[in-house]
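What follows is a short report on a single structure.
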Amino acid sequence: MRRLWGVLVALLLAGCSTGPSLENQDAVTAAPGDSYHLTIGSAGFTESDLLAQMYALLLEQAGYRTSLLTVANRELYEPALESGQIDVVPEYAATFADWLNAKTNGADAAPVGSPDLDATMTALRRLATPRGLTVLDPGRAVDQNAFAVSAAYAREHGLKTLSDLGASGLEVRLAAGDECVQRPYCEPGLKKTYGIDITGVDPKGVGTTQAKRAVQSGHDQMVLTTTTDATLGDFGLVLLADDKHLQNADYVVPVVNRARAGSEGVTKALGGLNDVLTTADLASMNQQVDSWRRLARDVARAYLEDKGLLK
C-alpha cells in the first residue's frame, strides 16, 4: 500500500473543482464507477486514521490498490472528495449532514442533523447526491458528544444518566469549549432537556487533558467529551448516559465519490465492517493508539483479523 502523508495543501487544491452542478438538486450526477486505484481520506485524528486504515485494508483485500491521504480540514477534503482526488472518507452522519446543509443553503440554514438516525441519513443523502457523493449505510459505531463525571462523584450521588444528574439538583460547573454556552447540545440543552443546574462553563476545551483533570480534582463537576474517548478511565471518569437523546446521530458512515467508488464492489468491501464495529471497539482502538502508542495500521489490521474480516 502506498502512503501519501503530509501532502501539501497546494497539491490538494490544484485543479480541485467545486463538484457537480447543483442546478438539479435531485439528480444523480454520475453513474457508479469502479476505479482500480482508490484514495482513502483521513481527517488526521486517531479515530479517522483508524477508520481510513480499516477501509484501505478491506478494499485491498477486495482487489483494489489504495493510497492514504491525510487532510485535517473538511473545507479542503470535501471538495477533493467531490472532484475525485479523494475517493472514500469516513464521516459522521449528523455532523456531515449539517456541514453540507450549510454549504448548500448558507451558514444560517436550520440544522438537518438530529438524534433520529433515519431522518439524518435521509437529509444527508439528499444533500450528498447532487454533489456526486454516495453515503453508504451506517453501522453501530457512533462518536457523539458525551458528558463524564468522576466515578467517585457518580457513586456518591447515585448517578448513571444525565436525567439522574438533573433530578439531583446539584450545581454543576462544566469543563468544555467556550462555544458550549451557545450550542444546543451543550449548556442550553443540558438545562432544557435534563434540568441540570449549570452554574458556569470552564473553557478548557472538549475532552482535553486539562478539562479531565479539572473534573478529576473536583474543580469542575462534569466534562464534555465523546463516546469514543479512550482515556476516561485514566482520570477516574465515567460517562453519564444521554437517556433522553440530546445528542445528534453521529454514526460512522463511509462517503464515496460516486463516479470513482460507487460500485457494488466498494459497498460490499466496506459493508462488512458495519456488522461488527461498535462504539466500544472504536474507543478500545483509540486507546491502543493514543495510550499504548501502537501504529494505527497495526491496530486496524489486528481488529479486522480478530473479527474474521481480513485473512
Closer than 3.5 angstrom, by distance alone: can the side chain of Ser284 be matched with the main-chain N or O of Asp281 as a donor-acceptor pair?
no
Criterion side chain to side chain contact (heavy atoms under 4.5 Å, CB included) on Asp229 and Leu237, from CA distance to verdict
CA-CA 11 Å; Asp229 189 326; Leu237 307 182; over 6 Å; no
Using a 6.0 Å cut-off, check whether atom CD of Glu75 has over 12 heavy atoms from anything other than its own residue.
yes
Nearest 0.5 Å please: distance from the CD atom of Glu82 over to the NZ atom of Lys103.
4.0 Å
Strictly by modelled atom types, are Asp242 and Tyr194 linked by a side-chain donor-acceptor pair under 3.5 Å?
yes
State whether the side chain of Thr279 and the backbone N or O of Val142 hold a donor-acceptor pair below 3.5 Å, judged by distance alone.
yes
Pairing donors with acceptors under 3.5 angstrom, does anything connect the side chains of Thr231 and Asp234?
no
Working note: Asp87 + Tyr55, criterion side chain to side chain contact (heavy atoms under 4.5 Å, CB included); need CA distance, chi angles, decisive distance, verdict.
CA-CA 11 Å; Asp87 303 305; Tyr55 290 0; over 6 Å; no
Given 3.5 Å as the limit, does a donor-acceptor pair link the side chain of Asp202 with the main chain of Leu174, or not?
no
Answer yes if the side chains of Thr46 and Asn286 hold a donor-acceptor pair under 3.5 Å, and no otherwise.
no
Tell me, with the steps shown, if Leu170 and Gln221 meet side chain to side chain contact (heavy atoms under 4.5 Å, CB included).
CA-CA 10 Å; Leu170 293 165; Gln221 287 71 52; over 6 Å; no
Drop me the distance from Ile196's CD1 to Met222's CE, to the nearest 0.5 angstrom.
4.5 Å
Measuring from atom NE2 of His219 to atom NZ of Lys204, what distance do you get when rounded to the nearest 0.5 angstrom?
4.5 Å
Asp306: salt bridge (charged side-chain N to carboxylate O under 4.0 Å, His left out) partners, not counting sequence neighbours
none
Atom CG in Leu273, atom CZ in Arg140: separation rounded to 0.5 Å?
10.5 Å
Between Thr129 and Arg126 (side chain of the first, backbone of the second, donor and acceptor by atom type, cut-off under 3.5 Å), is there such a pair?
no
Can you measure from CD1 (Ile40) to CG (Asp49) and round to the nearest 0.5 angstrom?
13.0 Å
Applying ring pair (Phe, Tyr, Trp, His ring centres under 6.0 Å), can you list everything that pairs with His245, at least two apart in sequence or on another chain?
none
Between Leu76 and the options Val71, Leu81, Ile86, the side chain to side chain contact (heavy atoms under 4.5 Å, CB included) test singles out Val71
Should we say atom CD of Glu171 is surrounded by more than 12 heavy atoms from elsewhere, each under 6.0 Å from it?
no
Side-chain contact test, heavy atoms from C-beta onward, threshold under 4.5 Å: evaluate it for Leu246 versus Leu190 and give yes or no.
yes
Taking ring pair (Phe, Tyr, Trp, His ring centres under 6.0 Å) as the cut-off, I'd like each qualifying pair that reaches into residues 80-138, sequence neighbours left out, listed once.
none
Side-chain contact test, heavy atoms from C-beta onward, threshold under 4.5 Å: evaluate it for His157 versus Val149 and give yes or no.
no
Between Gln53 and Tyr303, does any side-chain donor sit less than 3.5 Å from a side-chain acceptor?
no
According to side-chain hydrogen bond (donor to acceptor under 3.5 Å, both in side chains), who are the partners of Thr227, at least two apart in sequence or on a separate chain?
none
Any side-chain to backbone donor/acceptor pair from Gln61 onto Leu309? Under 3.5 Å, distance only.
yes
Qualifying residues under salt bridge (charged side-chain N to carboxylate O under 4.0 Å, His left out), relative to Asp164, sequence neighbours excluded:
none
Is there a donor-acceptor pair under 3.5 Å between the side chain of Ser150 and the backbone N or O of Tyr153?
yes
Test side chain to side chain contact (heavy atoms under 4.5 Å, CB included) applied to Val201 and Leu224, step by step:
CA-CA 10 Å; Val201 172; Leu224 170 62; over 6 Å; no
Flag, side chain of Asn248 to backbone of Asp250, donor-acceptor distance under 3.5 Å
no
Distance-only donor-acceptor check, side chains Arg260 and Thr39, under 3.5 Å:
no
For Lys191, enumerate each residue passing the salt bridge (charged side-chain N to carboxylate O under 4.0 Å, His left out) test, keeping only those at least two apart in sequence or located in another chain.
Glu187
Just by distance, do the side chain of Ser291 and the backbone of Gln288 share a donor-acceptor pair under 3.5 Å?
no
Would you confirm whether Gln287, through its side chain, and Trp292, through its main-chain N or O, come within 3.5 Å as a donor-acceptor pair?
no
Measure the CG-CZ distance between Leu100 and Arg125 for me, rounded to the nearest 0.5 Å.
13.0 Å
Ser163 and Asp243: which non-hydrogen atoms are nearest, and at how many Å?
OG-OD2, 2.5 Å
Got a donor-acceptor contact below 3.5 angstrom from the Gln216 side chain to the Gly236 backbone?
no
Check this for me: Arg213, atom CZ, are more than 12 non-hydrogen atoms of other residues, nucleotides or ligands nearer than 6.0 Å?
no
Within one Ile-Leu-Val-Met-Phe-Trp-Tyr cluster: Val215 and Leu240, side-chain cutoff 4.5 Å:
no
From the list Lys311, Arg297, Arg301, salt bridge (Lys or Arg N to Asp or Glu O under 4.0 Å) partner of Glu60 resolves to Arg297
Can you name the closest pair of heavy atoms from Ser263 and Asp34 and give their distance?
OG-OD1, 2.9 Å
